[in-house]
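Notes follow the structure.
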Amino acid sequence: MMDFDSVFSSNARNMKKSVIRELLKLTARPEIISFAGGLPAPETFPVADLKEAADRVFEKEAKSALQYGTTEGDNGLKEEIIKFENRQGVQPKPENLLIVSASQQALDMVAKILLDPGDYVIAGRPTYVGAIQAIQSYSAHVLGIPFTPERDGFNMEILEREFAKAKARGNKIKYIYVIPDFQNPAGLCWSLEKRKALLDFAYRKDLLIVEDSPYREIRFLGDHLPSIYQLDQQGENRGIVINLKTFSKILSPGVRVGWIMAHEKFIAKCVIAKQAMDLCTNVFSQKWLAEYMRTGKLYDTIKKTCDNYREKRNKMVECLEKYMPKRWDVTWTKPEGGLFLWVSLPHYINTDELIIKAVEEEKVAYVVGSAFYYDNPEHNAMRLNFSYSDPATIEEGIKRLARIITREIETYESGHRAKTSPEGQ
Ligand SMILES: Cc1ncc(COP(=O)(O)O)c(C=O)c1O
């Protein structure tokens, strides 16, 4: 029997399993109400319109849709993406675009192109686990920066301080990874001021920013803010922002198509990296998406998706207010977009341990907060997904979650009282 461990590369040995993907296997049982996955609501998929678009591709261009395509991506789809971006005030040229097999490939590609073993990436505490995985798989590290108490972006003072310390240690920092619009996991949205401050920091320190924006168009409350990519375009236009976009949350994750917007020199290097990865993105999917986008119906789908998620987010927030223990140390974010919110619990509750009881005793699941940290994880938080379940299920699930959390708090506090009372000493 081959000893595989001895033949794996050092990069492969640095790869870590996604805790979420492992957890999802556990929570797939039908009796469990799961707020763990990051799934879009299937009722938002425009099935009939997508079927018609696919039929038209078979009628009009079956042979080219079934053939290899260029690595850069289908020109028809690029045209539609440019129109889509133009409507949001972003002006990419075709050479600023690369069609990819969704954002996860882009995260891997960016890490592959930019990171040598031992390099550092600045990222939030917490941040998207798939980005951490991509960075680790090139034997690089994350320099974690906490958010402000107002949760409107990085704590810039800590960023300056940690950056200076890392430089003094001789660490090589290659880029900053951020998700300014309704971040996964906590649903945070960066303020305009913090977006500008980060861009200014990157200009001063000569760093690239990788702006991951899968949820950008899923804003169901408040006003749109310019992306950091856009702020650079409107300002000094130094081309230091690499913006990752995807159809996964605005239309369907199953199509596995996204795009990178960046300086043409960066895109040219990505094209070479992608040739070794998969030659080209699924050609049929690209032509199919272009055909669907030509109908103009994507805007309507996005609007319906936002309406759907607003209702579910409101329901989840309302149920948390109704059922959770009312204490200063039990809090949750109230996102204005995206798919997730983040619950923080008293310091003595370890959600890594609580998940077993939650699944076994109350048949409810969440993602442990610790999954979203590269190092020194916080253990008293959890991520909840509100896009997938219907409002009645959200209510039942939050009731169950609140029950188990209330029990944990009561158990701890009665034990603590016993220990500190005279009889207990
Ligand atoms: C922040 C973030 N980036 C990237 C991805 C990957 O998305 P996809 O590969 O489906 O485009 C996700 C998926 O949930 C995400 O939350």
Side-chain angles (χ1 to χ4, degrees), residues 18-41 126 129 151 182-188 308-373 377-416:
S18 157
V19 181
I20 302 179
R21 301 228 141 241
E22 292 303 303
L23 195 73
L24 290 182
K25 290 185 207 157
L26 239 181
T27 60
R29 302 203 312 258
E31 70 276 20
I32 291 172
I33 295 181
S34 178
F35 299 132
L39 302 183
V129 64
R151 302 179 193 264
F182 325 118
Q183 174 237 34
N184 179 359
L188 309 185
N308 182 307
Y309 294 0
R310 185 187 311 104
E311 185 193 344
K312 291 173 176 177
R313 172 271 193 205
N314 286 347
K315 183 75 184 175
M316 192 172 266
V317 168
E318 179 196 306
C319 292
L320 286 164
E321 275 157 12
K322 193 160 155 195
Y323 299 112
M324 284 292 234
K326 285 160 193 56
R327 303 164 49 104
W328 68 270
D329 52 3
V330 176
T331 59
W332 45 89
T333 56
K334 293 177 185 153
E336 297 190 331
L339 275 63
F340 308 106
L341 59 78
W342 182 255
V343 178
S344 302
L345 298 173
H347 66 90
Y348 49 79
I349 295 190
N350 183 330
T351 56
D352 300 13
E353 291 164 10
L354 189 70
I355 186 68
I356 311 288
K357 289 189 207 166
V359 169
E360 282 174 3
E361 294 172 24
E362 291 289 353
K363 311 266 178 291
V364 63
Y366 56 81
V367 179
V368 300
S370 61
F372 302 96
Y373 293 84
E378 294 192 3
H379 289 284
N380 58 330
M382 60 176 68
R383 186 193 77 177
L384 301 183
N385 166 268
F386 52 77
S387 58
Y388 187 71
S389 310
D390 59 67
T393 310
I394 289 177
E395 174 137 26
E396 177 56 28
I398 296 296
K399 261 194 216 169
R400 294 181 188 185
L401 198 60
R403 268 203 303 266
I404 193 114
I405 290 169
T406 306
R407 277 209 297 280
E408 281 297 293
I409 293 176
E410 282 170 4
T411 309
Y412 175 87
E413 301 220 323
S414 60
H416 199 64

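Below, all heavy atoms of this structure are taken into account, side chains as well, without hydrogens, waters or symmetry copies. Given the structure is predicted, the values throughout are model-derived calculations rather than measurements.
To the nearest 0.5 Å, atom OG of residue Ser414 and atom CD1 of residue Ile409 are 12.0 Å apart. Taken to the nearest 0.5 Å, the CZ atom of Phe372 stands 7.0 Å off from the CZ atom of Phe340. Taking CG of Leu401 as the reference point, atom OG1 of Thr406 lies at 9.0 Å (rounded to 0.5 Å). The distance from atom CD of Glu362 to atom CD of Glu396, rounded to the nearest 0.5 Å, is 8.5 Å. To the nearest 0.5 Å, atoms CG (Asn380) and CG (Asn350) are separated by 8.5 Å. Here the OG1-CG distance, from Thr331 to Leu345, works out to 8.0 Å after rounding to the nearest 0.5 Å.
In this structure a side-chain-to-backbone donor-acceptor pair under 3.5 Å is present from Thr351 to Ala381. Panel note: side chain Tyr348, backbone Glu413; no donor-acceptor pair is recorded below 3.5 Å. Remark: side-chain polar atoms of Ser34 are paired, donor with acceptor, to backbone N or O of Ala36 under 3.5 angstrom. Looking at Lys326, its side chain does come within 3.5 Å of a backbone N or O of Glu321 through a donor-acceptor pair. Thr333 contributes a side-chain N or O that, together with a main-chain N or O of Ala186, makes up a donor-acceptor pair within less than 3.5 Å. In this structure, Arg383 contributes its side chain and Asn184 its backbone to no donor-acceptor pair below 3.5 Å. Looking only at distances, a side-chain donor or acceptor of Gln183 sits under 3.5 Å from a matching main-chain atom of Pro126. Judged purely by atom type and a 3.5 angstrom limit, Tyr366 uses its side chain to pair as donor or acceptor with the backbone of Ile355.
Taking the side chain as every heavy atom from C-beta outward, Ile394 and Lys312 approach each other to under 4.5 Å. At least one side-chain heavy atom of Met316 sits less than 4.5 Å from a side-chain heavy atom of Phe35. Looking only at side-chain heavy atoms (C-beta outward), Lys357 and Arg407 stay at 4.5 Å or farther from each other. Side-chain contact between Phe386 and Val317 is absent, with no heavy-atom pair separated by less than 4.5 Å. Residues Leu39 and Asn385 have side chains not in contact (no heavy-atom distance under 4.5 Å, counting atoms from C-beta outward). Residues Glu318 and Lys315 meet the side-chain proximity criterion, which asks for heavy atoms closer than 4.5 Å.
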Would you check, one step at a time, whether the test side chain to side chain contact (heavy atoms under 4.5 Å, CB included) holds for His347 with Asp329?
-> CA-CA 8 Å; His347 66 90; Asp329 52 3; 5.7 Å; no
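The two residues Ile398 and Leu320 come nearest to each other via the heavy atoms CG2-N, 3.8 Å. The nearest pair of heavy atoms linking Ile33 to Gly397 is CD1-N, 3.7 Å. Listed here is the closest heavy atom pair of Ser387 and Pro40: OG-CA, 4.1 Å. Nearest heavy-atom pair across Leu341 and Pro335 is CB-CD, 3.8 Å. The two residues Gly38 and Leu339 make their nearest non-hydrogen contact at O-CD2, 3.5 Å. Taking each heavy atom of Glu311 and Pro391 in turn, the nearest pair found is OE2-CG, 3.6 Å.
Heavy-atom contacts from other residues, nucleotides or ligands closer than 6.0 Å to OH of Tyr388 number 12 or fewer.
Checked for salt-bridge contact, Arg403 and Glu361 miss the test: no charged N lies under 4.0 Å from a carboxylate O.
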